[in-house]
Structures are given as C-alpha cells and as structure tokens.
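Values below: all heavy atoms of this structure, side chains included; hydrogens, waters and symmetry mates excluded. Here is how names work: the chains are called A, B, and so on, in the same order as the sequence lines, proteins then strands, and each is numbered from 1.
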Amino acid sequence: KNQVEQSPQSLIILEGKNCTLQCNYTVSPFSNLRWYKQDTGRGPVSLTIMTFSENTKSNGRYTATLDADTKQSSLHITASQLSDSASYICVVSATTGGSYIPTFGRGTSLIVHP
Amino acid sequence: DVKVTQSSRYLVKRTGEKVFLECVQDMDHENMFWYRQDPGLGLRLIYFSYDVKMKEKGDIPEGYSVSREKKERFSLILESASTNQTSMYLCASSSPDRESGGYTFGSGTRLTVV
C-alpha cells in the first residue's frame, strides 16, 4: 500500500531560525513529489515539485531535496518568518495508466514565534 | 494562474438537508477531485473524475455523490447531511502532464452540520 509519512507532526521555532521537515514514502511507481503549504482555513498551495531525476529544488527560502534511492524528501526553511506558520504537506504521486494518483502525508504543523 | 473556485467558504446546514458543494476550474483540466480534511487524518479522497460524466469512488465515498456535467465543474452532493460530515472540503484539479502532475486546490469549504 502506498504511504507517505511526515515528521515531525508539529514544530515550534523562533522567528529567524531554520528548520527541516521530513517526508518518507513508499509509493510506486513514483512519478513526482510535491510540497504544499496550507495556511489555516485555506486550501494547500504548491511550493515545489520534483521528479525522479531531480534531487533539489528551491523556491525562495524553501528548499526541497529528494533521495529517490532511500525514498526520502526534506523541506528546509531558511530564516523563518511569522508568515511561515502553516501546515506543510508532502504529496507523492504514482503513475497509473497515464493518470497521477496522489498519496498525501498528514502534514507537519509549523508555528513560528516572534 | 490556474484557478479552482469553491462557491462557499463557510456553510452551516441542518442534519438531513441535501447539500451541494460546487467547484469550478478555469484551466481545462481533465481531472478533478473532492477531498475532506479532518484534524489528524489529513486529506482523504471522496470522489474523483477524469472526464465529463465520469466518476470514480475514492477512499470514503459513503454518504456522498458527485456530478460532472461540464468539464470545468465538479459538484459534491451530500444527500442527507449528518453531523459526522462536518469537515473542511477541498476541491482540486490536475493536468495529466508529467511535469505538472500535481494538484491545484480551491480555498476550501468549511461545512458544519448541526
């Protein structure tokens, strides 16, 4: 069964600090991995997407890494800001007959304190 | 930018009412999805559709039905709302293109059944 596990479940950091969120998956056949940011009460918004051949992708202060051999990804946030407080969801898609079937992690809740 | 629009941000309905949640996307995407999101459970797939008038059950279809009469519109129907259907409902659409095989979400509808 395809699974995506995220850790930690929640994280509290001080403004300006860095942090790293983890995503481990068992999804096959792998197509791509996305990180989403979801503000409270809103829909998820895509941060990065990586395919099998990519091992790092940046979007401003967000940097995602992918190790396809160990089936692990991380999202690193640099110089955190109060607006980074949100839930971060890892989504791994498998390819089935030309369609993309997503498996969602349960998310990491990040709180950034001033 | 791709836009997925959900007709209501907040809804309060009574037990037993028939409830319609509407979702419209403007990018000519073939694939559309309905999820519900509950604390600690992450996103769970209710129904999805790969084409007009086509629908497939997701992981938790009980108590729900869907309608896709036009490509851009995907409706979720609660035939007889119950309190355990109080949740955040998220609509998403996707393109089958490999590089962008991710999901664009709507802002969500927070449904409360009393």
Side-chain angles (χ1 to χ4, degrees), chain A residues 1-10 21 23-25 27 29-54 57 59 64 66 73 86-109, chain B residues 1-11 21 23-25 27 29-46 48-51 54 56-60 87-112:
Chain A
K1 182 182 178 185
N2 290 337
Q3 285 189 312
V4 175
E5 300 287 341
Q6 291 187 243
S7 62
Q9 188 173 0
S10 62
L21 314 180
C23 173
N24 297 339
Y25 62 92
V27 174
F30 176 87
S31 176
N32 61 63
L33 184 148
R34 276 188 179 235
W35 283 94
Y36 287 84
K37 179 187 180 188
Q38 185 177 20
D39 293 317
T40 301
R42 310 292 298 188
V45 175
S46 179
L47 291 174
T48 63
I49 178 172
M50 287 183 292
T51 57
F52 186 85
S53 59
E54 298 172 297
K57 185 78 70 85
N59 177 2
L66 173 65
S73 176
S87 179
Y88 292 84
I89 302 171
C90 176
V91 184
V92 185
S93 292
T95 306
T96 303
S99 300
Y100 296 87
I101 309 299
T103 302
F104 288 81
R106 295 188 179 184
T108 292
S109 175
Chain B
D1 279 353
V2 177
K3 249 196 159 171
V4 177
T5 303
Q6 294 184 230
S7 53
S8 304
R9 288 290 311 280
Y10 300 95
L11 274 180
L21 303 184
C23 175
V24 177
Q25 51 96 2
M27 280 301 290
H29 282 172
E30 287 82 2
N31 309 329
M32 296 188 75
F33 308 81
W34 274 107
Y35 293 89
R36 64 176 283 177
Q37 185 177 33
D38 301 288
L41 296 179
L43 279 82
R44 292 181 291 168
L45 181 63
I46 305 171
F48 60 99
S49 169
Y50 288 149
D51 203 351
M54 177 272 180
E56 292 284 345
K57 292 180 180 179
D59 299 320
I60 51 164
S87 185
M88 170 73 124
Y89 289 87
L90 289 162
C91 175
S93 73
S94 75
S95 160
D97 175 75
R98 179 178 177 84
E99 284 299 311
S100 63
Y103 305 85
T104 300
F105 288 88
S107 294
T109 296
R110 173 73 65 183
L111 172 67
T112 302

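With hydrogens and angles disregarded, no donor-acceptor distance shorter than 3.5 Å links the side chain of B/Y103 to the backbone of A/P44.
No other option in B/S107, B/C91, B/G42, B/G106 has as many heavy-atom pairs under 4.5 Å with chain A as B/S107. Highest contact tally toward chain B, considering only A/S46, A/G41, A/S109, is held by A/G41 [criterion: heavy-atom pairs under 4.5 Å].
Applying the side-chain contact (heavy atoms from CB on, under 4.5 Å) criterion to A/D39, with sequence neighbours excluded, gives A/K37, A/R42, A/A86. Every residue was checked against the side chain to side chain donor-acceptor pair (under 3.5 Å) condition with A/T108, not counting sequence neighbours, and none meets it.
A/I89 touches chain B through its side chain: at least one heavy atom from C-beta onward sits under 4.5 Å away, while N, CA, C and O do not. Only the side chain of B/R9 comes within contact range of chain A, judged by heavy atoms closer than 4.5 Å. Interface remark: B/Q37 contributes side-chain atoms only to the contact with chain A (heavy atom separation under 4.5 Å). Neither the backbone nor the side chain of B/Y10 has a heavy atom closer than 4.5 Å to any heavy atom of chain A. Of the atoms belonging to A/Q6, not a single heavy atom falls under 4.5 Å from chain B.
Taking 4.5 Å as the limit, every side-chain heavy atom of B/F48 sits out of range of all side-chain heavy atoms of A/P102.
Taking CZ of B/F105 as the reference point, atom OH of A/Y36 lies at 5.0 Å (rounded to 0.5 Å).
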